[in-house]
Amino acid sequence: MADKKLKSGRKVKIKSMSVDQIDECTDLPEVIFEGGSIKTILNSSKARTQWIRYGLAGGDFKDYKETNGVASDDIIKQMNLEEKDELMTLIQDGQVLGE
């Protein structure tokens, strides 16, 4: 588990995810190409939420709780969009594969 601090000042704890959880998160977004360029990216919000559910282990949250071993809706709703985006990146960076 790693302790990190978001730009907002919120402290978070990041946990190690299983390979299956990482695969599930990376398989969620769907990129649609048109004429060799990206036209649309689908499911990016779902993917961000899934990274946070699996990778968050605690921090500066009111009554941090997990449901079935993952961060609950109440915890995720305490963050603004900028915090969620930054946290997702920290969680992704914290997963070590292929050492």
Side-chain angles (χ1 to χ4, degrees):
M1 200 166 330
D3 293 325
K4 300 286 182 179
K5 191 174 192 178
L6 302 178
K7 291 175 187 170
S8 66
R10 186 189 300 269
K11 294 178 184 174
V12 295
K13 292 180 187 268
I14 296 174
K15 58 184 165 184
S16 180
M17 296 166 51
S18 73
V19 172
D20 290 333
Q21 290 172 328
I22 294 168
D23 287 348
E24 183 179 327
C25 291
T26 55
D27 285 350
L28 274 174
E30 183 179 344
V31 180
I32 299 173
F33 292 89
E34 185 176 283
S37 298
I38 295 175
K39 178 183 177 189
T40 306
I41 299 175
L42 302 173
N43 301 323
S44 59
S45 294
K46 281 183 182 182
R48 180 183 55 231
T49 298
Q50 201 67 353
W51 279 105
I52 293 170
R53 283 198 195 283
Y54 286 146
L56 183 63
D60 291 339
F61 297 98
K62 182 180 177 185
D63 299 322
Y64 181 83
K65 292 178 187 159
E66 292 186 357
T67 305
N68 298 321
V70 298
S72 68
D73 281 356
D74 291 339
I75 300 307
I76 295 171
K77 288 179 180 179
Q78 292 178 40
M79 291 181 283
N80 62 38
L81 185 57
E82 291 80 18
E83 288 178 315
K84 291 177 190 178
D85 285 342
E86 183 181 1
L87 179 55
M88 180 187 72
T89 300
L90 289 173
I91 291 169
Q92 289 171 332
D93 291 346
Q95 308 310 309
V96 179
L97 298 173
E99 288 184 57

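Keep in mind that the numbers below use all heavy atoms, side chains included, and drop hydrogens, waters and symmetry copies. Everything quoted here is computed from the prediction, not taken from an experiment.
Across all non-hydrogen atoms, the minimal contact from C25 to Y54 is SG-CD1, 3.8 Å. Across M1 and A57, no two heavy atoms sit closer than the pair SD-CB, 3.4 Å.
Using a distance-only test at 3.5 Å, with no hydrogens or angles considered, a donor-acceptor pair links the side chain of E86 to the main chain of K7.
In this structure, K15 places its NZ atom where more than 12 heavy-atom neighbours from other residues, nucleotides or ligands lie under 6.0 Å away. For NZ of K13, the number of neighbouring non-hydrogen atoms (other residues, nucleotides, ligands) closer than 6.0 Å is 12 at most.
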Would you mind writing out the side-chain donor-acceptor pairs for residues 71-83 within the sub-3.5 Å range, not counting sequence neighbours?
unit_1, atom_1, unit_2, atom_2, d
S72, OG, K65, O, 3.4
D73, OD1, R53, NH1, 3.2
D73, OD1, R53, NH2, 2.4
Q78, OE1, K62, N, 2.9
Q78, NE2, K62, O, 3.1
Q78, NE2, D74, O, 3.3
N80, OD1, E82, N, 3.1
N80, OD1, E83, N, 2.8
E83, OE1, R10, NH2, 3.4
E83, OE1, N80, N, 3.1
E83, OE2, S8, OG, 2.7
E83, OE2, R10, NE, 3.1

When the side chains of residues 35-47 are checked against the rest of the protein, which donor-acceptor pairs come out under 3.5 Å, sequence neighbours left out?
unit_1, atom_1, unit_2, atom_2, d
K39, NZ, E34, OE1, 3.4
N43, ND2, L28, O, 3.3

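Here the side chains of W51 and I22 are in contact, with some heavy-atom distance below 4.5 Å. Looking at heavy atoms from C-beta onward, V12 lies out of side-chain contact with D60 at the 4.5 angstrom threshold.
With rounding to the nearest 0.5 angstrom, the CZ atom of R48 is 10.0 Å from the OG1 atom of T89. Distance check, rounded to the nearest 0.5 Å: CE of M88 to OG1 of T49 gives 10.0 Å.
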Original post:
Can I14 and D93 be said to form a side chain to side chain contact (heavy atoms under 4.5 Å, CB included), step by step?
Top reply: CA-CA 10 Å; I14 296 174; D93 291 346; over 6 Å; no
**OP:** Check the pair Q95 / S16 against side chain to side chain contact (heavy atoms under 4.5 Å, CB included), numbers first and verdict last.
**Re:** CA-CA 6 Å; Q95 308 310 309; S16 180; 4.2 Å; yes
**OP:** Under the side chain to side chain contact (heavy atoms under 4.5 Å, CB included) rule, what do M17 and I91 come out as? Steps first, then yes or no, please.
**Re:** CA-CA 9 Å; M17 296 166 51; I91 291 169; 3.7 Å; yes
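For K11 and D3, the salt-bridge test fails: no basic side-chain N is under 4.0 Å from an acidic carboxylate O.
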